[in-house]
2 protein chains.
Amino acid sequence: MKALQQRVRRTIRRHALCPAGTRVLAAVSGGSDSVSLVRLLLDLSGTGGFQLVALGHVHHGLRETAGRDEAFCRALAERLELPLLTRRADVRGLAESQRLSLEDAARRLRYAALGEMADEAGADRIAVGHTEDDQAETVLLKLMRGAGTTGLAGIYPRRERVIRPLIDVARSDLRSYLRARGEHWVEDETNDDRSNPRNRVRHVVLDALEQAGGGNVRSALARAAALLREDAEWLDELAAAQMAMLATSCDDGLSLDVAGLQAAALPVRRRVVLRGLRAVAGGREVGLEHVEMVLAVLAGTARGADTPGSRVERRRGRLLLRQQGILTK
Amino acid sequence: MKALQQRVRRTIRRHALCPAGTRVLAAVSGGSDSVSLVRLLLDLSGTGGFQLVALGHVHHGLRETAGRDEAFCRALAERLELPLLTRRADVRGLAESQRLSLEDAARRLRYAALGEMADEAGADRIAVGHTEDDQAETVLLKLMRGAGTTGLAGIYPRRERVIRPLIDVARSDLRSYLRARGEHWVEDETNDDRSNPRNRVRHVVLDALEQAGGGNVRSALARAAALLREDAEWLDELAAAQMAMLATSCDDGLSLDVAGLQAAALPVRRRVVLRGLRAVAGGREVGLEHVEMVLAVLAGTARGADTPGSRVERRRGRLLLRQQGILTK
């Protein structure tokens, strides 16, 4: 039990998740990961240089048991004498109006709601309960889609205000910890739904990998992700610097200097194009296949490319990324 | 059938595997991959700007059926009117004397023997029959060991004289092609041996991934590997350039400039250290855990590190990588 707390503290220190004086809001769903997160942050609160100031619960309204989960979180907060903030999210509404998957819509609304609750609680960090298991599953899901270094880098220990103190810990260790403390949690019955790719990875692929590899496959995947992240972060920094030098905003989008782009090493060039496409995509998903299409325009083997939310063409030494459909929106 | 040949030709062109006038020796074991390699290279020979000049077979002497395989290759070569060169390899002997795994020893001897045969045949390229399936298996095996970008980059389409024209083709497509041509092959019964990690990945993990992912998982893994390779190759180039600037040879090893190393971005720093350790390892395997130990010495959190074949210490602004046991060898 002590070992687990030390491990979380090490993660917090190594990635500088909580600078001195940090006020943390912990996201809580009622599941074993988030209940562990709350208990562990409470254990470390104060001595760790940070303070757990509130819990935040998002009611997605998707499952019948959502009410039960909220009641569970309320009881937990009362017992631990922590304020509980809650938000309701209209996942189905957003998914339909923006043509997003339910999963994607839920994620966006969840992080938006957590941001609001953190503001309300005066918290400068939002802790979420992702574990080593989530990391391993994410890496495999990305791999199955043929992602590159950046995608395979998986879940980051920190992204802006969001921190993940449990990212180096196995879910099974968290459950042992909760059991040893006599702490309960609620099971999310949708975790068994095999129509969800993540659940298939969790129940089928990780088992097969463990059977084939013998060792601790989840840790190995997490280690691989950490190494990839190191490369990805630096390559992304280089791309951001190049982007700042090569890109110019214009009325209907963005233009990039062709000669400068062509002089950049391919890993950087690819990432600058991705950044450019994302900048004009208006929140639409941009994939590596779109980058490929634009690289063909850049190389002169294609005349133009229609990418999410924009049209890309090459003209007079500039690569033009023009937003489409602005007026009709 | 035509489509398959075009695909191989595209791989050859995209990776510039065979510059005009190239003379190619094809490695042949008798299995479906290498028989396809020979037939496809023969189909493309001449028109592809290269010529298939000989077949090379290595007799590992490990399996009882090795004699049968050699006879099969001899008959194939005679029928196709191509010279067949052969070499015997003492795999067990090398494995024991160098304390290598049988797989590792076989690989080293195989490539050495292929090099000799290529010289004998006046060939400037050695074609080997690795497929998209091998690529996918390699990526998963590396992932299970927690490798980073470079390891996960998998099998390269070309490394020095060795080329892999079938690296974008699925094994099942090759077998259909052979069947359609009425061409036979021998089955390597050790491919079913589940004590071998690669076979477990082939038969268990890839099936599970396909079940979970639905789509063509092998192609996705190959695509991921190609993207990682792009990043890895450039990072390795940067590391080679840094290495040339920061390293100095000395009597008993190598020394690296500490300030220069610390100024390098972490992905580059890690790779320079790996190169340094490999340079003094005398052929021993250097792993990422050794790089980690040396980074601790560099950061001053460890006094020294014992790495394969060498001892690393920091002294007067230099990182010293000293070969050990030179005199006692």
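Chain letters run A, B, ... following the sequence lines, proteins first and then strands; every chain starts at 1.
- Neither the backbone nor the side chain of Arg229(A) comes within contact range of chain B; no heavy atoms are under 4.5 Å apart.
- When the candidates Val217(B), Val205(B), Asn199(B), Asn216(B) are compared by the number of heavy-atom contacts under 4.5 Å with chain A, Val205(B) comes out ahead.
- The CG atom of Leu227(A) lies 7.0 Å from the OG1 atom of Thr149(B); values are rounded to the nearest 0.5 Å.
- Counting all heavy atoms, side chain and backbone alike, Glu230(A) lies closest to Pro267(B) at O-CG, 3.5 Å.
- For the set Ala208(B), Gly148(B), Ala136(B), Ala212(B), the entry with the most heavy-atom pairs within less than 4.5 Å of chain A is Ala212(B).
- Looking at Arg223(A), its side chain does come within 3.5 Å of a backbone N or O of Arg145(B) through a donor-acceptor pair.
- Enclosure of atom CD in Glu160(B) is not indicated, since only 12 or fewer non-hydrogen atoms of other residues, nucleotides or ligands lie within 6.0 angstrom.
- Counting heavy-atom pairs under 4.5 Å between each of Glu210(A), Arg218(A), Arg271(A) and chain B puts Arg271(A) at the top.
- Counting heavy-atom pairs closer than 4.5 Å to chain A, the top residue among Ala232(B), Ala147(B), Pro197(B) is Ala147(B).
- For Arg202(A), no part sits under 4.5 Å from any heavy atom of chain B, backbone or side chain.
- Residues Val139(B) and Leu143(A) have side chains in contact (heavy-atom distance under 4.5 Å, counting atoms from C-beta outward).
- Only the side chain of Leu235(A) comes within less than 4.5 Å of a heavy atom in chain B; its backbone stays farther off.
- More than 12 heavy-atom neighbours from other residues, nucleotides or ligands sit within 6.0 angstrom of CD on Gln262(A).
- Using a 4.5 Å cut-off between heavy atoms, Leu238(A) contacts chain B through its side chain alone, with no backbone atom that close.
- You'll find the side chain of Asp231(A) stays beyond 4.5 Å of the side chain of Leu228(B), heavy atoms only.
- In this structure, chain B has a heavy atom under 4.5 Å from the side chain of Leu288(A), while its backbone stays farther away.
- Heavy-atom contacts from other residues, nucleotides or ligands closer than 6.0 Å to CZ of Arg14(A) number more than 12.
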